[in-house]
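For reference, the structure discussed in these notes is given below.
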There are 2 protein chains.
Amino acid sequence: MTIISAEVPASGRARRASGLRSEATILQAAERVFAERGFKGASMSEIAAAAHMPKPNLHYYFGTKEALYRAVLTDILETWLGEADAFVPDGDPAQALGSYVRAKMRWSRERPHASRVFANEVLHGALFIGPYLSDDLRRRVEQKGKVIEGWIRGGRMARVDPRALFFMLWAMTQTWADFAVQVHAVLGVADLSEAAYDAITEEVVAFALRGCGLDADGRPPAT
Amino acid sequence: MTIISAEVPASGRARRASGLRSEATILQAAERVFAERGFKGASMSEIAAAAHMPKPNLHYYFGTKEALYRAVLTDILETWLGEADAFVPDGDPAQALGSYVRAKMRWSRERPHASRVFANEVLHGALFIGPYLSDDLRRRVEQKGKVIEGWIRGGRMARVDPRALFFMLWAMTQTWADFAVQVHAVLGVADLSEAAYDAITEEVVAFALRGCGLDADGRPPAT
DNA sequence: GGCGTGTTTGACCGAACGGTCAATATGTTC
DNA sequence: GAACATATTGACCGTTCGGTCAAACACGCC
């Protein structure tokens, strides 16, 4: 994650416990507000209010609004990659793809704000994380894509373009966080219970596995 | 679409040709700028510049920024619904789902700005189109969902929750417009050629059909 | 060719926002 | 407990932005 430069203030400073706590509080509040309003739509005052502290504190810890936004993005990308590594090449395809999809679904459930900030950033041109996308993420996709191509050559799953597959999996899993409002509106509910979300997760897993030409039990395709 | 109230100026006015032209130009420019910057991020000055006219013109035709935004959304929703009706219940499931997915993919290709404005709106809480989502869209999904349930009961496709299916199909098709920057970055290209996009379209169609337990030729599932 | 309505334009206003500063409070270290 | 660095705060500043206004322009009809 070295691509995203911006970091917390001077690293060599003797931080105090309250300072670290304040910083974490600000980051959390900022993630929520950026998710709800977008970068431009979010105001430093609103973030400050959400963090229960006066505005200059934010500038004290992060300097500028842009730096704060970068810090939020860095934080998000780190966990995003963590989940991304749920994709383990050993075992059969159904196993690997299934747990990958489940990990992504869990991430959408547990960090919906993070997902929305990320979506908003990409939607508006990825001005800040562009380099990361075309370097780090690209390498990872290429790498995992090779594994999938191996499975396809071995007749262990249907012929699917690996890159296209990843885009579809990301879309199918992140939509539950990013477009939650639409989901709730169409389903006519105010929120999704844990049980309902788990059921949806299994729907997505089953759909994705079938899409790859695999049953839930991981039987290879007829083709 | 009566839910979205805002409309062009006084209806009873004797419009002139140049006026209608200006209005259309503004709408088009606004769609692009709103897509790139979001609602808050877009400034009336930038839209005016994009439309090659001074700022007061926008207020003359649409009153406020919010009204202009509503007009853009209304325009988008109309075409979105048009494509949505590509889902025809006659014929076999593979035929219906296939052309639905193709229509959605075509929409993402031809009106990427519209897709992004829509995505941004939902992402940030659907403050303007919320009522539309829970009324009009909800009814449509329920309706088409019944058709799908019929197919499932008839053993003509795999058991998939119809609502979940629609969310996944929307996600899988709109991601190519909304996250185009990510797609380009990961693929390492500046743009997708028509041919490349057509190939992706077929990947998505095949994946979706298999996900529903259908081959490309529409053979019903073994289950 | 003049008159009225639709249209275009530059100059201007108040509010909101990002950011700064100087002053104060709080810990930590010796 | 004195001295110093960290942390917190209220008041303030310049800029940007949405919106307005009054004046000018252009088209169509008699």
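Reckoned from all heavy atoms, side chains included, excluding hydrogens, waters and symmetry mates. Protein chains get the first letters and strands the later ones, always in sequence-line order, with residue 1 at the start of each. For clarity, every value in this text was computed on a predicted model and none was experimentally measured.
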Between B:E36 and B:R116, does any side-chain N to carboxylate O distance fall below 4.0 Å? no
Does the distance from a Lys or Arg side-chain N to an Asp or Glu carboxylate O, for A:D135 and A:R139, drop under 4.0 Å? no
Go along nucleotides 14-20 of chain C 5' to 3' and tag each nucleotide: B for a protein heavy atom under 4.0 Å from its base, S when only backbone or sugar atoms are that close, - otherwise. ----BBB
Spacing between [X] atom [atom1] and [N] atom [atom2], to the nearest angstrom:
X     : N      : atom1 : atom2 : answer
A:E23 : D:dT8  : CD    : P     : 11 Å
A:L58 : D:dT8  : CG    : C1'   : 12 Å
B:L20 : D:dC27 : CG    : P     : 15 Å
B:Y69 : D:dG18 : OH    : P     : 14 Å
B:F62 : C:dG6  : CZ    : P     : 17 Å
B:M53 : D:dC25 : CE    : C1'   : 16 Å
B:N57 : C:dT8  : CG    : P     : 5 Å

Does [X] make a side-chain N or O approach to OP1 or OP2 of [N] shorter than 4.0 Å?
X     : N     : value
B:Y61 : C:dG6 : no
B:S22 : C:dT8 : yes
A:Y60 : D:dT9 : no

Report the relative orientation of the aromatic rings in B:F39 and B:F34; use parallel for angles under 30°, tilted for 30 to 60°, perpendicular for over 60°.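 Because their plane-to-plane angle is under 30°, the rings of B:F39 and B:F34 count as parallel.
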Donor-acceptor contact below 3.5 Å, side chain A:E121 vs main chain A:I129: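 The answer is yes, because a donor-acceptor pair under 3.5 Å joins these two groups.
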Backbone of A:P162 reached by a side-chain donor or acceptor of A:K144 within 3.5 Å: no
Got a sec, which residues hit side chain to side chain contact (heavy atoms under 4.5 Å, CB included) with B:D161, two or more places apart in sequence or on another chain?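 For B:D161, the residues satisfying side chain to side chain contact (heavy atoms under 4.5 Å, CB included) (neighbours in sequence not counted) are A:E203, B:R163, B:A164.
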